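We count ligands from 1, going down the list as the structure has it; atoms in each ligand are counted the same way. These numbers were taken from a predicted model, which means no experiment stands behind them.
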Amino acid sequence: MKTIELKKKINGQIVGNELLFFNEIESTNRYLYQKASKNDMPDGTVVISDSQSAGRGRLKRTWISPKGKNLYISVLLKPNIIPNDATIFTFLASCALKDTFDEYGVNSKIKWPNDILIDGKKVAGVLTELKINSVSVEFIIVGIGVNINMTNNFIMCVMPDISHKVTSLSIELGKELMREEFAATLINNIDDYYLRFLKYGKSNILSVWVEKWGGIGTELEILDGEKTYKGLVESVDENGFLYIRDKDGKLEKVIAGDIAF
Ligand code: BTN
């Protein structure tokens, strides 16, 4: 990753003012969480690594993080909020990701709560983690993994069991891409949404997300541990929880399982 190129392209007000790069790290989320717990790091600090030896996905899954191909990025945010408001940051990241894919002319889709798909295959995921002290949030780490330059063959080699469900931006566009360019666009978009959050609050972000997601009124099937929710999506509440009406007319609330406290 050419860090000078990336730095030149970053033009936000908060996100990306402080940037840390690694060739190899356990997990950018874990690193930033530990550092921010010990030191006073500035709001908007970004950590990027060329590879991760123990990349983390949601629901305690592993995020396979081969070297030199993809983007592994974590952003430290320090808004003055209560823990219940934290789910919005996964949605904020999804909006920023979708805008970034739009800028590449690619039609991506948000899959609730935190996946970005192209043609039904996963191209990016978000893992939001929080540190709480008594009643307020000390900080939030928004971790994002984006498949940028993996070929189909490479995907088949490194993740054979899920290769049919995974794609990359280069597969979709048929050419190799500059990861710095994508990273800078994403960072600038996260900055835009973060400023918007600070100015207008979470309902503003949620309504943008609902529009970009487009899931209200559609049929959804969601597997949450042992339980499957299936039905028509009626609404999303201010915390991003879904309300699904099943075939017997029962309204069920579905909680995003990706927020780790
Ligand atoms: C998911 O879809 O399960 C979320 C994946 C999040 C992966 C990113 S890669 C950068 C950051 N560091 C991690 O260990 N995980 C997130």
Side-chain angles (χ1 to χ4, degrees), residues 1 6 15-16 19-37 41 44-77 86-87 89-98 100-101 108-118 120-131 139-150 155 158-159 161-163 165-169 179-180 182-183 186-187 189-190 209 213 222-225 240 255-261:
M1 173 91 61
L6 172 57
V15 180
L19 270 170
L20 300 167
F21 291 98
F22 295 88
N23 285 325
E24 158 99 39
I25 206 170
E26 210 180 303
S27 148
T28 53
N29 262 35
R30 186 174 159 83
Y31 173 85
L32 199 47
Y33 195 100
Q34 286 178 337
K35 276 279 177 215
S37 299
M41 297 181 88
T45 299
V46 169
V47 175
I48 295 179
S49 185
D50 204 34
S51 65
Q52 299 182 115
S53 56
R56 295 168 12 173
R58 74 184 197 102
L59 308 174
K60 299 206 164 35
R61 293 190 188 119
T62 304
W63 187 257
I64 300 165
S65 310
K67 188 175 172 53
K69 300 275 180 200
N70 298 327
L71 180 64
Y72 315 114
I73 176 172
S74 295
V75 182
L76 173 71
L77 299 175
T87 36
F89 289 90
T90 298
F91 298 114
L92 183 152
S94 304
C95 291
L97 274 165
K98 190 162 169 39
T100 307
F101 287 114
S108 64
K109 216 176 158 350
I110 298 175
K111 182 176 167 226
W112 182 89
N114 73 332
D115 291 349
I116 305 288
L117 310 181
I118 301 177
K121 295 179 174 185
K122 184 153 167 171
V123 69
V126 182
L127 176 67
T128 305
E129 301 187 82
L130 325 177
K131 181 149 191 224
F139 60 75
I140 294 172
I141 310 284
V142 181
I144 302 173
V146 187
N147 301 334
I148 308 255
N149 280 328
M150 292 196 291
I155 292 174
V158 292
M159 42 189 98
D161 45 334
I162 51 167
S163 62
K165 295 190 285 190
V166 175
T167 192
S168 73
L169 190 54
R179 285 180 299 157
E180 302 72 14
F182 188 95
L186 178 62
I187 290 168
N189 286 338
I190 296 173
W209 180 86
W213 172 56
I222 295 169
L223 203 78
D224 185 8
I255 296 170
D258 69 318
I259 300 290
F261 290 91

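More than 12 non-hydrogen atoms from other residues, nucleotides or ligands lie less than 6.0 angstrom from NZ of Lys122. Heavy atoms from other residues, nucleotides or ligands lying under 6.0 Å from NZ of Lys165 number 12 at most.
Closer than 4.0 angstrom to ligand 1 by heavy atom are Ser27, Thr28, Asn29, Gln52, Gly55, Arg56, Gly57, Arg58, Trp63, Tyr72, Ile73, Ser74, Asn114, Asp115, Lys122, Gly125, Val126, Leu127, Gly143, Ile144, Gly145, sorted by chain and number.
In this structure, the side chain of Asn29 engages the main chain of Leu127 through a donor-acceptor pair within 3.5 Å. For the pair Arg179 (side chain) and Asn70 (backbone), a donor-acceptor distance under 3.5 Å is present.
Under the side-chain contact (heavy atoms from CB on, under 4.5 Å) criterion, Lys98 pairs with Asp102, Asn107, Ser108, Ile110, Lys212, sequence neighbours left out.
Side-chain contact between Ile25 and Tyr72 is absent, with no heavy atoms from C-beta onward closer than 4.5 Å.
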